[in-house]
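Worth knowing before you read on, the calculation uses all heavy atoms, side chains too, and leaves out hydrogens, waters and symmetry mates.
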Amino acid sequence: MEKTIRALTVAFYSVFILLIGYITLASLVADFSLLTLITLLLFLPVIYFIRRAIFKHDAFMLKHYKKLLVFFAAFMLILQIIFGCILRFNPVFDMDAIYGGAIEWVETGTFASYYDYYYYFPNNLGGMSLLYIFFKLTSYLGISDFFTVGLIVNSILSVCAMLICSLTAKELGGAKHAVFILAFFLCSPPFYFIAPAFYTDSLSLIFPILIIYLALRLRRAVQPWQTAVFSVLIGLTASIGMLIKSTVIITLLAVIICLLMNKKLLKALVCCLCSACVIIISLTAFNSYFASRHLTDAEKARIQNTPYTHWLMMGLKGTGGYNAADYEFTRSFEDPIERNQAINKEIRRRISELGPAGLIELAAVKGALSMGNGTYALSDFLDDSPVRQSPLHSFLLYSSPYYPAYSSICCGIHLSIMFLAVMSALEKLLAALKKKYTEPARFMAPYIAFFGLALFLLMWETSGRYITNYIPILFICAAQGPELLNRLIFKIKRH
């Protein structure tokens with residue numbers, strides 16, 4: 001059994017290194033910028049020395065960890081809200097559907113103006129519902145500036161995700177690792193500007209990393225009731241997260257696979273059963289509510305609901321991004337069965353037309369666009385009719401003069417962290433080959449989750465936003481990366 005698990009571990013980390021390494025390299029080459037390369041080459045030694053400085057003061061970090069966490073949270077929260085107010089804009093398209101729909105629901109008791117949209121895209125009902133809850137609560141206080149409410153909620157959720165990411169690192173490696181993770185967030189510019197972009201990508205930021213944290217607590221659970229409680233909490237977190245962004249389910253699957261790989265069969269079974277029950281009950285209740293109270297035309301829903309295969313089909317054309325022709329194709333059918341068959345046929349045709357070489361080439365393009373965009377495509381929203389101009393807009397908007405420089409710096413930092421994740425996986429691969437991995441090193445869930453997201457995004461519609469809610473998990477994966485670099489430098493010094 002142990003040999004089989006070790007072989008699977010070696011195989012997984014090998015494939016992880018190949019895939020994420022390929023995407024990182026493709027991202028660097030695809031839209032090559034000298035500034036991106038310079039940023040990458042500068043960021044690696046900078047983050048290495050930051051890590052060394054933090055690790056040298058392990059006792060200080062442990063003693064003052066809570067204070068550092070509070071200071072970090074206050075610092076990020078204040079900056080995010082200030083920048084959010086400066087970057088205020090008028091939402092359109094999908095963000096308008098969840099923002100405007102939530103406001104209309106609060107003010108009129110329904111969101112009838114957006115019913116047509118939600119018949120097509122019921123997957124966004126979760127994001128609108130989350131905003132509705134906070135908008136409704138604040139409306140009782142007489143607050144009507146719901147955009148500010150939305151950006152504050154998004155800021156709180158994103159900062160909480162950062163804190164949970166730090167606590168996860170603490171569970172895995174102690175206070176020094178926990179503080180080091182915070183340095184990743186401080187060095188990533190988009191996290192200062194994420195608050196006003198309160199769409200499903202950022203609203204779901206907290207859920208994947210919270211599942212990872214709860215999974216660590218589940219691993220340490222001794223009593224049966226603790227196992228049950230953490231399993232239910234994981235299921236509840238996954239349920240809420242999936243309603244906002246369906247990719248959250250990847251993390252739950254990663255946790256279950258990890259528990260099986262760690263030979264914690266009973267915990268894996270309990271987690272699987274509890275999570276499945278909670279998810280089924282939650283999603284059934286949620287969908288039943290909207291079907292009975294708002295989107296009541298079952299036949300219209302059956303005809304108009306966009307099938308998930310539509311986005312798979314769209315991901316096989318051009319660079320895999322949005323294209324109006326595919327939407328026209330999908331909506332040209334009155335019969336859902338005929339539509340689904342036509343989409344499946346078109347998917348097979350496009351795969352056959354591309355061939356193996358074309359699919360590999362497309363994977364490089366899609367990987368670069370979906371996973372290599374260090375701005376997390378926040379400008380998709382910030383670009384929508386800004387309320388007022390500011391110096392920030394001169395480099396945050398796509399059409400602004402300094403956006404290329406901003407994008408290149410963000411991508412350089414992001415790709416450096418991707419590279420560190422590959423280095424971290426390489427270190428774990430070497431440890432597995434030498435049979436030297438410790439118990440925390442056996443916790444593969446973050447790597448499995450990020451790998452699963454990469455596979456999904458290579459198949460799905462292309463967008464630089466879709467990686468956003470997995471960035472904290474990427475940071476967890478990358479945290480061990482400098483360790484291998486440290487060993488290499490030590491060996492070079494010895495010789």
| query | Quick one: does Arg6's side chain have a donor or acceptor within less than 3.5 Å of a partner on Ala432's backbone? | reply | yes
| request: Give a yes-or-no answer on whether the side chains of Ser155 and Gln80 include a donor-acceptor pair shorter than 3.5 Å. | output: yes
| message | Between Tyr447 and Phe451 (judged by ring centroids, cut-off 6.0 Å), do the two rings come close enough to count as a pair? | response | no
| task | Please say whether the positively charged group of Arg302, taken as NZ for Lys or CZ for Arg, lies over the ring of Tyr119, i.e. under 6.0 angstrom from the six-membered ring centre and within 45 degrees of the axis. | result | no
| request: For Ser407 and Pro404, indicate whether the former's side chain and the latter's backbone hold a donor-acceptor pair under 3.5 Å. | output: no
| task | Begin with the C-alpha distance, continue with both residues' side-chain angles, and end with the deciding distance and a verdict on side chain to side chain contact (heavy atoms under 4.5 Å, CB included) for Phe135 and Tyr99. | result | CA-CA 10 Å; Phe135 290 178; Tyr99 171 67; 3.9 Å; yes
| request: Describe, in one word, how the ring planes of Phe185 and Phe475 are oriented to each other, choosing from parallel (under 30°), tilted (30 to 60°) and perpendicular (over 60°). | output: perpendicular
| field | Heavy-atom pair with the smallest gap, counting every atom of Pro336 and Glu334 | value | CD-O, 3.4 Å
| message | Parallel, tilted or perpendicular, judged at 30° and 60°: which one describes the rings of Phe16 and Tyr13? | response | perpendicular
| note | Heavy atoms of Ser275 and Ser231 approach each other most closely as OG-O, 3.6 Å
| Nearest heavy atoms of Phe43 and Cys187, plus distance in Å | CE1-CB, 3.7 Å
| N/O donor-acceptor pair under 3.5 Å between Ser188 side chain and Pro190 backbone | no
| said: Is it the case that the side chain of Ser400 and the backbone of Leu397 share a donor-acceptor pair, with hydrogens and angles ignored and the cut-off at 3.5 Å? | reply: yes
| task | Can you sort out the partners of Asn469 under side-chain hydrogen bond (donor to acceptor under 3.5 Å, both in side chains), two or more places apart, ordered by chain and number? | result | Ser204, Thr247
| field | Donor on one side chain, acceptor on other, Asp94 and Tyr117, under 3.5 Å | value | yes
| field | Asn154 and Tyr199: side chain donor to acceptor below 3.5 Å | value | no
| How far apart are the C-alpha atoms of Arg349 and Glu346, what are their side-chain angles, what is the distance that settles it, and do they pass the salt bridge (charged side-chain N to carboxylate O under 4.0 Å, His left out) test? | CA-CA 5 Å; Arg349 187 192 69 78; Glu346 181 63 15; 2.6 Å; yes
| said: With a 4.0 Å cut-off on N to O distance, would you call Asp326 and Arg331 a salt bridge? | reply: no
| query | Going by the angle between their ring planes, with limits at 30° and 60°, are Tyr322 and Tyr327 parallel, tilted or perpendicular? | reply | tilted
| Tyr192 (side chain) donor-acceptor with Phe83 (main chain) under 3.5 angstrom | no
| Hey, are the side chains of Trp105 and Lys136 touching, using non-hydrogen atoms and a 4.5 Å cut-off? | no
| query | Can you say whether the rings of Tyr403 and Tyr406 are parallel (under 30°), tilted (30 to 60°) or perpendicular (over 60°)? | reply | tilted
Donor-acceptor contacts under 3.5 Å from residues 364-377 side chains, at least two apart:
residue	atom	partner	partner atom	Å
Lys366	NZ	Gly315	O	2.9
Lys366	NZ	Leu458	O	2.9
Lys366	NZ	Met459	O	3.4
Lys366	NZ	Trp460	O	2.7
Ser370	OG	Lys366	O	3.3
Ser370	OG	Ser463	N	3.3
Asn373	OD1	Thr375	N	3.0
Asn373	OD1	Thr375	OG1	2.6
Thr375	OG1	Ala377	N	3.1

Show every donor-acceptor pair shorter than 3.5 Å between a side-chain atom in residues 125-133 and any protein atom, with sequence neighbours excluded, or say none if there are none.
residue	atom	partner	partner atom	Å
Ser129	OG	Leu125	O	2.7

